[in-house]
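So that the names make sense, note that chain A is the first sequence line, chain B the second, and so on, each numbered from 1.
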Amino acid sequence: MTEPTTIFHRYLNAPHIFRKDREILRPSYLPEKLPHRENEIEQLASIMSTAMRGGRPSNVIIFGKTGTGKTAVIKYLAREVQRTEELVEKEVLDIPDMAFIYLNCEIVNTPYGILQNIGNRFIKDFSSMIPFTGWPTEKVYNMLVSKLDESPKIVIVVLDEIDKLVYNSGDDVLYYLAKINDDMKNSKLSIIGISNDLKFMEFLDPRVRSRLSEEKMVFPPYNASELKDILEERARLAFNPGTVDEGVTAVCAALAAQEHGDARRALDLLRVAGEIAERSGDRRVTANHVYAAKDKIELDCTAETIKTLPLQSKLVLMAIIMHGEQGRNRLTTGEVYSAYAELCDFVGTKPLTQRRITDLISELDMLGIINAKVKSFGRGGRTKEIQSSVSLKDAKRILMQDSDIKEIGDYRLKQTYL
DNA sequence: TGTCCACTGGAAGGGAGGGCTT
DNA sequence: AAGCCCTCCCTTCCAGTGGACA
């Protein structure tokens, strides 16, 4: 008699490459040690230790590209602060009250939101919390000052992606936070700003700029050998012994190092390579799985970009794809526009003007979905030469998932373009 | 050398929508 | 709730452009 099986058995019986917790390979996982960031941790710890002696730590601005460990280092220090506080509670240590507040300015990006979020951390009673909206910003600020100043404490506010805040709503809130120490008698507040964009400082008022950047730190990109160390450490924790070929971490590291030493990308490559190996029932992760992972991540990324395009951009892309399917790979703006207008007519939506479509074409170019170069054809005029940079088949398949344009699938462009 | 083509891309402004303030 | 303000998306207008061609 055969055992009863379900569709999942094949996967359940496959060799286990991962240990139980594959979260270890997610960029959000915080390991016990952060290799090759010892100096940065040391430097920040020394700045922050001022707080433990009752002083106000200098404001710090941290620069570094994505995946250089900025947020990881901050979260590492936040954990250390928490551990220190536990020692205070056990009366092993005697240091002033500290608060470590982490805000991501991609999510909280208005002056009101920042002040409200910080203020509410110090209000225990739910009914007297600062509302999401409705108060004048000045009132929120005054409330924040009075709550912070109730008892002596040192507050460290981390503003991750601070550039987003500045681009979204200027430097008003930074001005408030920079002057808050003048308005408090008992407590002190300092700011750690994190950014991957050096230019945003130019948009700050000179007074805010100098107050904010009392200390500056730059996190350099990891090189291939540093990335390899990071990966090996994580791989040891995440994979079962003997399931990862020698050289796999080196390939991941080398690929990620080509892209400005992004540790996040390196970890993604390793995790996805492991998943591909496990899914195909292989016993070991090999370099080939890493290359497959690279393709998968790139395709997923393109798919995500295309899926989230607004309808009009999707129609423009569809127009380019349809030309491509009919053998025309190099198009002018005029040709794309005519086909786009035809598709708009087909789906029953009003076409935008050609001027606007010029902008949408430039956006698609910036996203890397198409390639558009301005070219002059002499008497034929000056226009953009446009071609798709992604596989027509893949792009169309992704576009067809949009219910608004699904029915375009078998449509053939009416016009003949010479 | 001047003309002409088919746009490009900057500027200004309208209007819808959403958040802030009173 | 209503007014104000800002942002985003879009239109309209238009000067400017590179290069083939007469």
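Within the 4.0 Å cut-off from OP1 or OP2 of B:dC7, at least one side-chain nitrogen or oxygen of A:Thr332 is found. An OP1 or OP2 oxygen of B:dA6 is reached within less than 4.0 angstrom by no side-chain nitrogen or oxygen of A:Lys375. Note on A:Arg356: a side-chain N or O is less than 4.0 Å away from OP1 or OP2 of C:dC10. Contact between the side-chain N/O atoms of A:Thr358 and the OP1/OP2 oxygens of B:dT8 is found at a separation under 4.0 Å. Contact annotation: A:Ser376 does not reach the phosphate of C:dA20 (side-chain N/O to OP1 or OP2, under 4.0 Å).
Note: NZ (A:Lys384) to C1' (B:dT8) measures 7 Å, nearest angstrom. The CG-P distance, from A:Leu331 to B:dC7, rounds to 12 Å in whole Å. At whole-Å resolution of the value, CG in A:Leu315 and P in C:dC10 are 12 Å apart. If you take CD1 of A:Ile361 and P of C:dC10, they are 14 Å apart, rounded to a whole angstrom. Across the protein-nucleic acid pair, A:Ile386 atom CD1 and B:dC7 atom C1' stand 11 Å apart, rounded to whole Å. In this structure, the CD1 atom of A:Ile357 is 11 Å from the P atom of B:dT8, given to the nearest Å. Put simply, NZ on A:Lys373 is 15 Å from P on B:dT8, counting in whole angstrom units. Rounded to whole Å, the distance from NZ on A:Lys350 to C1' on C:dC9 is 13 Å.
For the residue pair A:Ile370 and A:Ile320, the shortest heavy atom distance occurs at CG2-CD1, 3.9 Å. Between A:Met400 and A:Lys406, the shortest heavy-atom distance links the atoms CE-O, 2.7 Å.
Of all nucleotides listed (B:dC7, C:dA20, C:dC10), C:dA20 comes nearest to the side chain of A:Arg379. Picking from B:dG9, B:dC4, C:dT11 the nucleotide with the shortest atom distance to the side chain of A:Thr353 gives C:dT11.
Between A:Arg382 and A:Phe377, the residue anchored closer to the 5' end of DNA chain C is A:Arg382, taking for each the nucleotide with the nearest heavy atom.
Judged by atom type and distance alone, A:Arg355 does not reach the base of B:dT8 through any side-chain donor-acceptor pair under 3.5 Å.
A donor-acceptor contact closer than 3.5 angstrom is absent between the side chains of A:Thr358 and A:Lys384.
Residues satisfying the salt bridge (charged side-chain N to carboxylate O under 4.0 Å, His left out) test with A:Arg379, not counting sequence neighbours, are none.
The aromatic rings of A:Phe239 and A:Phe18 sit parallel to each other, their planes meeting at less than 30°, with 60° as the upper class boundary.
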